[in-house]
Protein chains: 2
Amino acid sequence: MNKRSVPSIRLVAERAGVSVATVSNVLNNKPNVSPDFASRVHLAVRELGYVVSRAASQMRSERHRLAGVVVPDLTNPMFASFVSTLEHVARLDGFDLIVVSARNNAEEERARLDDLRAWRPAGLIVIPCDGALTDRLPQGLGGPVVVADRIPDDHAFDLIAVNNGSAAASIAAHLSEQGFADCLVLGTSLGITNVRERWDGFRAAAGPMRAELIEVGIDDDARFQLLEERLRGPNPPRALFALDHQTSIAAYRLLGEVGLSIPHDIAFASFDEMEWMRLVSPPITAVRQPVEEMAQAAWRHLVRRLEEDRAEERKRDRKQIRRLRCAIEIRGSTLPRCRTSRRSETA
Amino acid sequence: MNKRSVPSIRLVAERAGVSVATVSNVLNNKPNVSPDFASRVHLAVRELGYVVSRAASQMRSERHRLAGVVVPDLTNPMFASFVSTLEHVARLDGFDLIVVSARNNAEEERARLDDLRAWRPAGLIVIPCDGALTDRLPQGLGGPVVVADRIPDDHAFDLIAVNNGSAAASIAAHLSEQGFADCLVLGTSLGITNVRERWDGFRAAAGPMRAELIEVGIDDDARFQLLEERLRGPNPPRALFALDHQTSIAAYRLLGEVGLSIPHDIAFASFDEMEWMRLVSPPITAVRQPVEEMAQAAWRHLVRRLEEDRAEERKRDRKQIRRLRCAIEIRGSTLPRCRTSRRSETA
DNA sequence: GTGAAAGCGCTAACAC
DNA sequence: GTGTTAGCGCTTTCAC
């Protein structure tokens, strides 16, 4: 009884009066095990509190149930929700997940991806920091990679993302329909594909409404200053549309500081919905991304790839892309005339 | 080149023209390796893109750097932040983390704790679902367990928690000082030690202010109805103090529905601070828990226990408890007379 | 059906 | 300093 007295398969075998092979067969639901032997093994397992060691089992067998997950930031509620859902569905398939956060840093992402190899994961699900994931992916990860949410610059990966363009277009159509003459759109950077798609979709559907963009960057005070000047200036926009959660928070706070009231002075809408947007008064019109659906789709996709690999099907050359629809939550922040709330979906 | 052509230590050894033992020694920074051999190994490692397999290495060596983390719910921003910090500091010590969520379900927590044994983690950090963690902890986890945030019913664990009583007392003192005649306190259940400590601390420091408690439960509509009746009734309280984040959100929304304005009709304060509390108008007075500090303290504690174990020091019989101070953010929601914001800390 | 034995990739003891 | 070797706990042939 060495090593903290954690029982091994040998101990189980001795106690059950069978060989280790039989114990292994029973525990892995192999056929050709007599009921008598099986129950003896199960009894011994229960008595000893035995659990198969993943380390040992994964080392020996080809298909081990372990997958890696990389997200840009665990403290972002959207990614936390993504991981939480992923963990749940993965467990249903008997998979364990090793989860790492890149802490919004491309270099750290590279390091984490590198470290992940030590686990020899069967596959990977990644929400990358930016579009240049390919440059950061180490050699020899040796398994399928599914990218979610953020869109890589190249087409080197299977991808699950949302339909940014049509969701942003819905907001544009709504604002236009409400009679707003112009709208200022706030995005971190057009260098991010998601932001670009949203801006393009918005502009295309703006109709007679004038659309203007400010790239505020990420935590870039200087650029954010531009927005403040614009809001305090002589001709502030009639509507504001922030293209991601981080920017929404910053913009919403700024509106309060500047003293513009929603929706009387200015309408406000957000891409990305968070709980507080329903709590404030008036509640905020927002695009709600199907995060959980995205996680489930990503997982199913990874599992399918794993099965293809096992079946030696070599259709791996063609990467698949799937786009999910967002929900549009119309609320008081974009309804100058009435305060009732409506709900619809993008086409 | 078997198995997806992931290189093994043997391949590295061949390429470097040394033995596997030397490769292992180099990679584990063992002394007694000549610089010449070391550099040859490093070169081969780089050329092959070799990474040590954790599975194989942990199986052979006694002290492997892997710890388990269990939280009640990853989508709760506080726990997400806890995990994120933990992951960061653990990595600095060369540890990987296997993270699981109990999804707010004690039975699932038990199952996840059981599954965790398969990893043979060196130690565990747990934020338990409720006080009865001891009943759910399987035998043979074989390593130190550090509990954080939620306080177990027994004293069977090392514990890192916050000073609930004095933080709640600070809020009571503040409200009393502001001249509120009475305050309604909202907690899920006094069965939860954290809630009980907060309520006790509040009551003890209420002074002349009348303090009343409603246990609203978790997602218990019937009990929440009591609160609504109380608010709509003839003598609504002058102040409201919600003892956790979930309850805060529900109560804040209810205040809006009932039509009581903050702080004119009623003051509002929350135990647990979230980002939106700074965004709403007026911003909300809140107790901010030192989540990151808690994660760091928990990690340091676990590492210390691991070292003690290795040194065979047997002071394990005495469990240690550490309480951290919360910050009190005084904001407009509890300042009927003026709107300026202040900040202080609990004693 | 069952068990003996090989071997996964690695570390630790020990021989040189 | 370096290499040889045993063996960690398990799965997987392959005899029987």
Side-chain angles (χ1 to χ4, degrees), chain A residues 1-41 44-45 48-66 117-122 140 142, chain B residues 1-41 44-45 48-66 117-120 122 140 142 310:
Chain A
M1 234 159 285
N2 55 351
K3 282 191 85 167
R4 299 183 182 291
S5 68
V6 177
S8 73
I9 195 174
R10 189 146 34 216
L11 212 63
V12 177
E14 284 170 13
R15 182 163 196 121
V18 301
S19 72
V20 289
T22 300
V23 175
S24 177
N25 286 334
V26 169
L27 263 35
N28 293 298
N29 294 314
K30 290 280 195 300
N32 301 339
V33 193
S34 74
D36 173 41
F37 273 52
S39 64
R40 268 157 66 193
V41 168
V45 163
L48 291 168
Y50 171 74
V51 178
V52 176
S53 159
R54 292 200 86 99
S57 109
Q58 111 165 34
M59 216 174 68
R60 200 62 185 78
S61 79
E62 190 74 0
R63 357 190 278 274
H64 52 269
R65 286 158 134 60
L66 172 65
R117 298 189 296 148
W119 291 98
R120 311 289 190 257
Chain B
M1 234 157 281
N2 57 349
K3 279 190 89 166
R4 298 183 182 291
S5 69
V6 177
S8 73
I9 195 174
R10 190 144 35 215
L11 211 63
V12 176
E14 285 170 12
R15 181 160 197 124
V18 301
S19 72
V20 289
T22 300
V23 176
S24 178
N25 286 335
V26 169
L27 264 34
N28 293 300
N29 295 313
K30 290 282 197 297
N32 301 339
V33 193
S34 74
D36 173 40
F37 274 53
S39 64
R40 270 158 65 194
V41 167
V45 163
L48 292 167
Y50 172 74
V51 178
V52 175
S53 159
R54 293 199 83 100
S57 121
Q58 110 165 34
M59 216 172 67
R60 200 60 187 83
S61 79
E62 189 74 0
R63 3 191 273 276
H64 53 270
R65 286 157 134 58
L66 172 65
R117 297 190 298 149
W119 291 98
R120 310 287 191 260
R310 192 136 45 86

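None of these values were measured; they are calculated from a predicted model.
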Check the distance between dG9(C)'s P and Tyr50(B)'s OH and give it to me in whole angstrom.
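So the two atoms are 9 Å apart, to the nearest Å.
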Please determine, for the side chain of Met59(B), which listed nucleotide (dC8(D), dC10(D), dG3(C)) has the closest atom?
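The closest nucleotide is dC8(D).
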Between Val23(A), Asn25(A), Val18(A), which is the residue that forms a side chain to side chain contact (heavy atoms under 4.5 Å, CB included) with Val33(A)?
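Single side chain to side chain contact (heavy atoms under 4.5 Å, CB included) partner of Val33(A) among Val23(A), Asn25(A), Val18(A): Asn25(A).
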Grab the CZ-C1' distance between Arg10(B) and dG3(D) for me, whole Å please.
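Nearest whole value for this atom pair: 14 Å.
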Could you check Val51(A) against Arg120(B) for side chain to side chain contact (heavy atoms under 4.5 Å, CB included), going step by step and ending with a plain yes or no?
CA-CA 9 Å; Val51(A) 178; Arg120(B) 310 287 191 260; 4.3 Å; yes
Residues within residues 13-29 of chain B bordering DNA chain C, heavy-atom distance below 4.0 Å
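Under 4.0 Å from DNA chain C: Ala21(B), Ser24(B), Asn28(B).
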Send over the distance from Asn32(A) CG to dA15(D) C1', rounded to a whole Å.
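So the CG-C1' distance, Asn32(A) to dA15(D), works out to 15 Å.
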Rounding to a whole Å, what distance do you find between Arg60(A):CZ and dG7(D):P?
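Going from Arg60(A) (CZ) to dG7(D) (P), I get 18 Å.
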Please name all residues satisfying side chain to side chain contact (heavy atoms under 4.5 Å, CB included) with Val20(A), sequence neighbours left out, ordered by chain then number.
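Residues passing side chain to side chain contact (heavy atoms under 4.5 Å, CB included) with Val20(A): Ile9(A), Arg10(A), Ala13(A).
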Kindly compute the distance separating OG (Ser34(A)) from CZ (Arg40(A)), expressed to the nearest 0.5 Å.
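The CZ atom of Arg40(A) is 7.5 Å from OG of Ser34(A), to the nearest 0.5 Å.
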Supply the atom-to-atom distance Met59(B) CE to Gln58(A) CD, rounded to the nearest 0.5 angstrom.
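Here the interatomic distance stands at 10.5 Å.
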Taking the side chain of Val33(B) as heavy atoms from C-beta outward, which of dG9(D), dT2(D), dT2(C) is closest to it?
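The answer is dT2(D), which lies nearest to the side chain.
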Heavy atoms from C-beta onward define the side chain here; which of dA12(C), dC10(D), dG9(C) lies closest to that of Lys30(B)?
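The closest nucleotide is dA12(C).
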So if I take every side-chain heavy atom of Ser61(A) and compare against dG9(C), dT12(D), dG9(D), which nucleotide ends up nearest?
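So the nucleotide nearest the side chain must be dT12(D).
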Spatial distance of atom CG (Leu66(A)) from atom CZ (Arg54(B)) [nearest 0.5 Å]
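Reported value, rounded in 0.5 Å steps: 11.5 Å.
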Please classify the nucleic acid contact of Arg120(B) as base, sugar-phosphate, or nothing, using heavy-atom distances under 4.0 Å.
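Sugar-phosphate contact only.
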What's the CG-P distance between Leu48(A) and dG9(D), to the nearest Å?
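Rounded to whole Å, this separation is 14 Å.
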Length of the line joining Asp36(B):CG and dG1(D):P, which is rounded to integer Å:
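The answer, rounded to whole Å, is 12 Å.
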Atom pair CZ/CG of Arg15(A) and Leu48(A) - distance to nearest 0.5 Å:
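One finds 5.0 Å between CZ of Arg15(A) and CG of Leu48(A).
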Separation of dG7(D) C1' from Gln58(B) CD (nearest whole Å)
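Value for this atom pair: 16 Å.
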Rounded distance in Å - CZ (Arg65(B)) to P (dT11(C)):
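After rounding, the reported distance stands at 13 Å.
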